[in-house]
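Numbered from 1 within each chain, the chains take letters A, B, ... in sequence-line order. Reckoned from all heavy atoms, side chains included, excluding hydrogens, waters and symmetry mates.
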Protein chains: 2
Amino acid sequence: MHDDPDFDVQDFLPYLLNQAAEASSLEFQRVYKDRYGMLRNEWRVLFHLGIYGRMTARDIGVRAQMHKTKISRAVQRLAERRYLVRERDETDRRVEHLELTPAGQKVYVDLRSVARDYNEALVEGLDGEDVVRLRSVLRTLAKVRG
Amino acid sequence: MHDDPDFDVQDFLPYLLNQAAEASSLEFQRVYKDRYGMLRNEWRVLFHLGIYGRMTARDIGVRAQMHKTKISRAVQRLAERRYLVRERDETDRRVEHLELTPAGQKVYVDLRSVARDYNEALVEGLDGEDVVRLRSVLRTLAKVRG
DNA sequence: GGTTGTTAGTTACAAAAACGACTATTACAT
DNA sequence: ATGTAATAGTCGTTTTTGTAACTAACAACC
């Protein structure tokens with residue numbers, strides 16, 4: 001009972017993207033949640049610090065396109081667990097530099113290897129050329145400013 | 001300070017998919033929210049009923065991969081606004097058939113045209129061949145059962 | 001040097017989502 | 001026919017988000 005053959009939710013990009021994002025996040029989510037009690041925003045912050053090293057909340061926000069309140073709360077929880085330390089900038093005392101502790105590094109390294117394996121498993125079922133284009137298209141779409 | 005050149009969040013598929021999904025959903029979200037006070041799960045249910053016609057909550061759940069509690073609450077709110085009517089199945093009294101009212105149809109038709117335009121705008125910046133492959137890859141990924 | 005504007009980050013409150021337990025009805029097996 | 005399991009859908013409670021207002025520090029300008 002397709003009321004309009006010109007339109008189907010299944011072709012609507014935002015819908016498709018959400019379905020794919022949710023489904024493909026599930027398994028990884030279980031790992032960081034069950035193993036470390038972390039939330040999505042927390043592993044994101046952890047990964048940014050693990051990959052790029054010491055940086056400020058603001059910079060993470062720019063790179064990850066995350067709102068500052070999300071980062072603020074994620075940083076709080078990561079700091080409570082001693083996965084990172086905060087250090088005030090001496091010349092501009094509004095700014096805080098964030099850095100993983102050795103404990104945080106360990107968690108990051110562990111999750112990174114899970115992520116890598118999982119990513120490879122996801123990509124495995126797909127055509128190699130498709131994956132290259134997929135990444136590029138996704139990066140373009142991620143920049144869309146509604 | 002890339003600690004491991006083999007891994008970057010920016011290449012991690014679940015991350016990329018989430019970024020693209022969030023960014024590309026924003027503008028459409030604003031429309032159904034501002035114009036009709038609807039939530040994400042509500043427009044999904046509305047669209048399924050608009051496109052496929054009368055169906056049960058269960059069937060929507062299967063098609064949209066939505067949990068039944070999400071559907072239940074979305075249906076409640078849509079029923080309050082008189083966008084749909086519920087009708088008990090006479091032979092199996094657990095089941096409820098859902099159907100859009102004329103008012104619901106109007107909302108659906110309006111939002112459908114917004115969605116169509118928005119979708120076209122999104123696709124416009126992309127290579128046509130890429131879009132075809134993108135849809136196919138996304139459908140594959142959406143089926144991944146973590 | 002005081003006023004105005006910006007920026008980094010936090011907090012409080014309201015809105016929404018997640019999760020599990022629950023009811024009611026039907027199916028199935030012995 | 002009766003106990004057990006399965007299914008459709010709802011409800012209550014707890015987590016998470018989203019929004020906007022807030023503090024504190026700096027900048028810029030006259």
(Q) Nearest to the side chain of B/R77, heavy atoms from C-beta on, is which of C/dG9, C/dA12, C/dA16? (A)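 From the listed options, C/dA16 comes nearest.
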
Q. Quick one: does A/L84's side chain get under 4.5 Å of A/E99's, heavy atoms only?
A.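 The answer is no; the side chains never approach within 4.5 Å.
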
Q. Do the rings of A/Y118 and A/F28 sit parallel, tilted or perpendicular, given the 30° and 60° boundaries?
A.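 Judged by the thresholds at 30° and 60°, the geometry between A/Y118 and A/F28 is parallel.
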
Q: Take the angle between the ring planes of B/F47 and A/F12 and call it parallel below 30°, perpendicular above 60°, tilted in between.
A: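 Rings of B/F47 and A/F12: parallel, as their planes differ by under 30°.
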
Q. Side chain of A/N119, backbone of B/L13: donor and acceptor closer than 3.5 Å?
A.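 Judged by distance alone, yes, a pair lies under 3.5 Å.
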
Q: Say whether B/Y36 and B/D110, considering side chains only, have a donor N or O and an acceptor N or O under 3.5 Å apart.
A: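 Yes - a donor-acceptor pair under 3.5 Å links their side chains.
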
Q | Whichever of B/T69 and A/R94 has its nearest DNA chain D nucleotide further upstream toward 5' | A |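 Nearest-nucleotide comparison on DNA chain D picks B/T69.
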
**Q.** Comparing B/D59 and B/R73 on DNA chain D - which has the more 5′ nearest nucleotide
**A.**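 Counting from the 5' end, the first nearest nucleotide belongs to B/D59.
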
**Q.** Contact boundaries on DNA chain D for chain A, cut-off under 4.0 Å to non-hydrogen atoms
**A.**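 Boundary nucleotides touching chain A, in 5' to 3' order, are D/dT16 to D/dC26.
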
Q: Please determine if A/E129 and A/R133 form a salt bridge, counting it only when a charged side-chain N lies under 4.0 Å from a carboxylate O.
A: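 Result for this pair is yes, salt bridge flagged.
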
Q: Tell me what B/I71 touches on the nucleic acid: a base, only sugar-phosphate, or nothing, going by heavy atoms under 4.0 Å.
A: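 Here B/I71 touches no strand at all.
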
Q) So what does A/R40 hit on the nucleic acid, given a heavy-atom distance under 4.0 Å: a base, only sugar-phosphate, or nothing? A)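 If one applies the 4.0 Å heavy-atom cut-off, A/R40 turns out to touch nothing in the nucleic acid.
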
Q: Considering just the side-chain nitrogens and oxygens of A/K70, establish if one lies under 4.0 Å of OP1 or OP2 belonging to C/dT11.
A: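 For C/dT11, OP1/OP2 do not have a side-chain N/O of A/K70 under 4.0 Å.
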
Q. Are A/R86 and C/dT10 close enough that a side-chain N or O sits under 4.0 Å from OP1 or OP2?
A.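 Looking at the OP1 and OP2 atoms of C/dT10, one of them is under 4.0 Å from a side-chain N or O of A/R86.
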
Return the value, rounded to whole Å, for the distance between atom [atom1] of [X] and atom [atom2] of [N].
X     : N      : atom1 : atom2 : value
A/D34 : C/dA18 : CG    : C1'   : 14 Å
B/E90 : C/dT26 : CD    : C1'   : 15 Å
B/K33 : C/dA14 : NZ    : C1'   : 11 Å
B/W43 : C/dA17 : CH2   : P     : 13 Å
A/D89 : C/dT7  : CG    : P     : 17 Å
A/E80 : C/dT10 : CD    : C1'   : 14 Å
A/R88 : C/dG9  : CZ    : P     : 8 Å
B/M66 : C/dA16 : CE    : P     : 15 Å

(Q) Quick check with a 6.0 Å cut-off and a 45 degree axis cone: is A/R63 positioned over the face of A/Y52's six-membered ring? (A)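 The answer is yes; both the distance and angle limits are met.
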
